[in-house]
Amino acid sequence: MPELPEAEYMVRRLREAAPGVRITKVRVLRETVAEGALVKGALGGVTSYARRAKNVLIHLETGWTVRIQLGMTGHVYPVGQAGEWPRFTRVAFVLEGGGALVFEDARTFGTVSAVRTEHLAEVLAEYGPEPLDAGFRWQDLRAAAWGLRQEVKPFLMDQRRVAGLGNIWAAEALFGARIHPARRVDSLGEGEWKALHRSVRATLRRAIENTMKVTAGPEEFPEADLLLTRVYGRAGQACRRCGSVVERVVQAARATFYCPGCQER
DNA sequence: AACACGACCTGGTAGC
DNA sequence: TGCTACCAGGTCGTGT
């Protein structure tokens, strides 16, 4: 479930709550980690936190960067007390002075790795543009679909095309743009690309704001009803915009929600 | 190359 | 109460 907005939230929280910390020890509680040996060596002062797509990046003064792929249920957050790990802790970065940065991941789809910072760009090279970058224009979104014929929702979720959208916010962005999720990308007109581009950005911005607002504790993310989704998870309920009944279909082996009234084929 | 789809994993929960 | 079956979905590998 963590998509761009949730990853962004985690990074902002780390910046705020754990600036200038120093990692003195790495505890790997579960070998979900591809490069365990490297991760264990990821020690030293943290210079900054960043996000790329759904990755949380921890830059170290040593020239290493810890890359956290959140997977489905991953959370990274600071805790005050090292040693008493939250239930699903998989990796813990013990900090000088007693605290820790915890990576919790119930379903263990997430991964933690350490990368030489100078090689980070290559490692992340497959990701498409960041949709919230100031330079990301509607033409870029359309260009990302050049030569493709697939359905627009799987397209939006393909990290190589545009980074950061997952199942929830892809559905929400399509609702905002009034585009049916099964429309083929090569059938979208200029006006639809503009609307989609606008909606992707607005949806993600709203999701970040909302997450900042309603997230109570470090590891607690909004329940479905607090996500303020307009179609996701609302099958059988009335569309808030037109009153039609929101539908759930399976697309690319994923649940897709849309309003048949607002999003015509 | 593009695309669809299943596997991976495990906790939560609906249903019996 | 306790058990089973199924669902969630990001990412990767496979087959067409």
Side-chain angles (χ1 to χ4, degrees), chain A residues 1-11 28-36 51-57 67-76 85-91 102-113 115 123-128 130-131 142-174 181-188 200 203-204 207 211 219-227 229 231-236 246-258:
Chain A
M1 197 193 64
E3 303 179 24
L4 183 155
E6 294 78 18
E8 179 66 25
Y9 165 79
M10 292 180 212
V11 167
V28 178
L29 287 85
R30 173 74 76 99
E31 302 289 336
T32 47
V33 174
E35 300 159 75
R51 179 193 60 74
R52 174 74 170 107
K54 302 168 187 171
N55 294 268
V56 172
L57 304 172
R67 175 196 182 194
I68 302 173
Q69 282 191 288
L70 297 166
M72 265 179 64
T73 51
H75 304 289
V76 198
W85 308 123
R87 186 173 170 201
F88 301 118
T89 301
R90 306 307 185 193
V91 180
V102 161
F103 175 60
E104 252 198 307
D105 185 18
R107 284 172 216 172
T108 69
F109 275 21
T111 59
V112 180
S113 55
V115 184
V123 171
L124 302 175
E126 291 294 307
Y127 287 106
E130 283 290 327
R142 185 178 62 177
W146 194 88
L148 305 180
R149 305 191 59 242
Q150 68 187 144
E151 297 179 344
V152 63
K153 178 163 174 277
F155 162 78
L156 284 179
M157 289 176 64
D158 187 336
Q159 302 301 297
R160 295 170 301 174
R161 311 303 176 196
V162 54
L165 288 159
N167 203 37
I168 297 172
W169 302 118
E172 292 298 306
L174 286 165
R183 286 282 303 281
R184 304 250 163 200
V185 290
D186 56 341
S187 78
L188 299 181
V200 163
T203 299
L204 292 174
T211 303
E219 71 279 24
E220 295 164 37
F221 276 87
E223 294 302 316
D225 55 338
L226 289 176
L227 279 174
T229 58
V231 284
Y232 182 86
R234 300 193 68 247
V246 173
E247 286 201 26
R248 176 190 189 273
V249 295
V250 174
Q251 193 180 16
R254 291 288 174 269
T256 293
F257 300 86
Y258 71 99

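Here the structure is a predicted model, which means the values were calculated and not measured. The chains referred to below are lettered A, B, ... by the order of the sequence lines, with proteins before strands, and numbering in each begins at 1.
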By salt bridge (charged side-chain N to carboxylate O under 4.0 Å, His left out) - contacts of Arg160(A) (at least two apart): Asp158(A)
For Thr89(A), which residues count as a side-chain hydrogen bond (donor to acceptor under 3.5 Å, both in side chains) partner, sequence neighbours excluded? none
Which pairs, protein N/O on one side and nucleotides 3-5 of chain B N/O on the other, fall under 3.5 Å?
| from | atom 1 | to | atom 2 | distance (Å) |
| --- | --- | --- | --- | --- |
| dC3(B) | OP1 | Arg149(A) | N | 2.2 |
| dC3(B) | OP1 | Gln150(A) | N | 3.0 |

Looking only at atom types and distance, does a side-chain atom of Arg90(A) sit under 3.5 Å from a main-chain N or O of Ala106(A), one as donor and one as acceptor? yes
What's the angle between the local helix axes at either end of the helix from dA2(B)-dT16(C) to dC16(B)-dG2(C), using five pairs per end and rounding to 10 degrees? 40°
Nearest 0.5 Å, what's the NE2-CZ distance between His75(A) and Phe103(A)? 9.0 Å
Gln69(A) (side chain) donor-acceptor with Thr111(A) (main chain) under 3.5 angstrom: no
N/O donor-acceptor pair under 3.5 Å between Gln159(A) side chain and Gly164(A) backbone: yes
So, using salt bridge (charged side-chain N to carboxylate O under 4.0 Å, His left out) as the criterion, who are the partners of Arg183(A) when residues are at least two apart? Glu192(A)
Quick one: salt bridge (charged side-chain N to carboxylate O under 4.0 Å, His left out) partners of Arg142(A), sequence neighbours excluded? none
Tabulate atom names and distances for all N/O pairs under 3.5 angstrom spanning the protein and nucleotides 14-16 of chain C.
none

Would the distance check show the side chain of Lys54(A) and the main-chain N or O of Pro5(A) forming a donor-acceptor pair, the cut-off being under 3.5 Å? no
I need the OH-C1' distance between Tyr127(A) and dT11(C), as an integer number of Å. 9 Å
Just jot down the salt bridge (charged side-chain N to carboxylate O under 4.0 Å, His left out) partners of Glu130(A), sequence neighbours excluded, or say none. Arg51(A), Arg52(A)
Excluding sequence neighbours, so at least two apart, what forms side-chain hydrogen bond (donor to acceptor under 3.5 Å, both in side chains) with Arg184(A)? none
Donor-acceptor pairs under 3.5 angstrom involving side-chain atoms of residues 150-157 of chain A: please list them, not counting sequence neighbours.
| from | atom 1 | to | atom 2 | distance (Å) |
| --- | --- | --- | --- | --- |
| Glu151(A) | OE1 | Gln251(A) | NE2 | 2.8 |
| Lys153(A) | NZ | Asn167(A) | OD1 | 2.5 |
| Lys153(A) | NZ | Thr256(A) | OG1 | 2.9 |

When you compare the protein's N or O atoms with those of nucleotides 7-11 of chain B, which come within less than 3.5 Å of each other, and at what distance?
| from | atom 1 | to | atom 2 | distance (Å) |
| --- | --- | --- | --- | --- |
| dC9(B) | O3' | Thr108(A) | OG1 | 3.1 |
| dT10(B) | OP1 | Arg30(A) | NH1 | 2.5 |

Between atom CE in Met157(A) and atom C1' in dG10(C), what is the gap in whole Å? 7 Å
Considering residues at least two apart in sequence or located in another chain, which fulfil the side chain to side chain contact (heavy atoms under 4.5 Å, CB included) criterion with Pro131(A)? Leu4(A), Phe136(A), Val162(A), Val200(A), Leu204(A)
